[in-house]
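See structure below.
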Amino acid sequence: MNGLNTGIMGSGSYLPSKILTNADLENMVETSNEWIIERTGIRERRISEKNELNSDMAVQAAKMALKNSNVNPEELDLIIVSTITPDRLTPSTSCIVQGKLKAINAAAFDLSAACSGFIYALTTAKAFIESGNFNKVLVIGTEKLSSFVDWKDRSSCILFGDGAGAVVLSKNSEHSILNTYIRADGSESNLLRIPAGGSELPIDEKQLLLRTNFLKMEGKETFKLGVKSMTEAVLEVIHQAKLSLSDIALIIPHQANLRIIQAISDRLKFPSEKVFTNIERCGNTSAASVAIAFDEVLKKQIIKKNDYIVLVAFGAGTTVASLLLRW
Ligand code: UT7
């Protein structure tokens with residue numbers, strides 16, 4: 001096993017107070033509560049107010065993680081924010097968060113790996129800590145997807161929500177990250193995309209008319225690849241540590257679709273009661289998804305000392321990531 005030197009000190013999360021229910025969506029697009037529950041498991045999701053920025057949600061989650069870790073903002077050496085919905089294309093959301101937190105000694109950068117981003121960022125933080133470069137690192141997964149969802153596209157708008165989750169990592173603490181696994185497959189980059197708004201297609205009247213400034217998704221293909229790659233990623237990280245599935249106390253998967261999560265536990269023949277879900281209340285919050293779920297797991301005291309826990313996610317890129325923790 002590698003990396004007994006990086007551990008999670010504490011976590012936090014933030015969900016906006018405004019709830020968007022399936023009944024609300026029935027008034028916006030041609031859909032039904034029954035269809036959404038049956039095909040996705042989602043009952044409601046949180047949506048931030050117009051003036052509540054992605055960085056504001058990130059700061060709320062970060063403050064809670066810092067408090068629970070007993071760490072002051074000035075002690076942070078690095079802040080990594082994983083998001084695909086930055087406040088602005090530049091500067092990075094992490095720099096905005098650094099300023100709002102007054103984390104004056106911290107370097108800061110964003111990491112874009114869509115729904116796998118939080119685990120990608122934890123993996124990056126672990127590498128920085130174990131190389132001796134940094135001691136205390138704040139990792140945040142945060143999304144304001146409501147700004148990029150096409151609220152006229154019933155096949156995608158029912159899925160997504162806003163929110164943020166954060167953890168503080170440091171050297172030589174308990175709750176170690178034992179192994180990590182990150183991969184990408186750019187040949188599938190069209191499955192999930194926001195075509196306009198980057199340098200390829202700057203937003204102009206034509207793009208606005210085509211609604212290419214919003215998220216597009218090939219749902220069925222994404223679904224299949226998500227099940228396959230997350231199943232493989234769970235096994236990979238467990239095998240690396242020479243453990244077996246029966247050693248795992250809890251899997252915390254990306255909350256993309258309840259049917260995807262069920263298909264993964266079926267394929268692994270892993271008891272579904274040991275797979276954490278909050279998708280019914282949060283929807284898919286992309287990079288924030290695993291981070292929010294992880295914080296809920298800690299708050300609910302679902303895990304105990306020395307339990308093995310697997311985090312796993314899949315997303316646009318495509319990217320896939322998993323991580324094994326010993327609590
Ligand atoms: O974060 C990671 C990335 N995202 C994902 O992992 C999402 C992966 N994909 C999915 O979750 C599912 O593919 C969806 C929930 C998006 C769609 O579910 P599906 O079971 O794959 O439905 P479908 O796209 O095959 O559509 C089935 C039918 C279609 O009607 P016809 O052609 O059979 O008449 C759709 O037009 O359902 C229709 N449909 C809807 N009906 C009511 C699509 N969206 C809706 C809707 N309400 N919201």
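Below, each value reflects all heavy atoms present in this structure, side chains not excepted, and no hydrogens, waters or symmetry copies. Along the sequence shown, residues carry numbers from 1. Both ligands and their constituent atoms are indexed starting at 1 by order of listing.
In this structure, Gly226 falls outside the shell of residues with a heavy atom less than 4.0 angstrom from ligand 1. For the pair Cys115 and ligand 1, a heavy-atom separation below 4.0 Å is found.
In terms of modelled atom types and a separation under 3.5 Å, the side chain of Glu188 and the main chain of Asp185 share no donor-acceptor contact.
Residue Thr31 touches ligand 1 through backbone and side chain together, judged by heavy-atom distances below 4.0 Å. Only the side chain of Ile260 comes within 4.0 Å of ligand 1, judged by heavy-atom distances. Under 4.0 Å from ligand 1, not a single heavy atom of Val29 appears.
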Please set out all donor-acceptor pairs under 3.5 angstrom arising from side-chain atoms of residues 26-38, sequence neighbours excluded.
| from | atom 1 | to | atom 2 | distance (Å) |
| --- | --- | --- | --- | --- |
| Glu26 | OE2 | Asn33 | N | 2.7 |
| Ser32 | OG | Trp35 | N | 3.1 |
| Asn33 | OD1 | Asn22 | ND2 | 3.0 |

Listing, residues 273-282 side-chain donor-acceptor contacts under 3.5 Å, not counting sequence neighbours, or none:
| from | atom 1 | to | atom 2 | distance (Å) |
| --- | --- | --- | --- | --- |
| Asn278 | ND2 | Glu296 | OE2 | 3.2 |
| Arg281 | NH1 | Glu296 | OE2 | 3.2 |
| Arg281 | NH2 | Glu296 | OE1 | 2.8 |

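Listed by number with element, the atoms of ligand 1 under 4.0 angstrom from any heavy atom of His254 are 1 (O), 2 (C). Remark: ligand 1 atoms within the under-4.0 Å shell around heavy atoms of Thr222 are 3 (C), 4 (N), 5 (C), 6 (O). Heavy-atom contacts of Thr40 reach the following atoms of ligand 1: 15 (C) (cutoff under 4.0 Å). In summary, the atoms of ligand 1 found under 4.0 Å from a heavy atom of Asn284, numbered by their order in the structure, are 1 (O), 2 (C).
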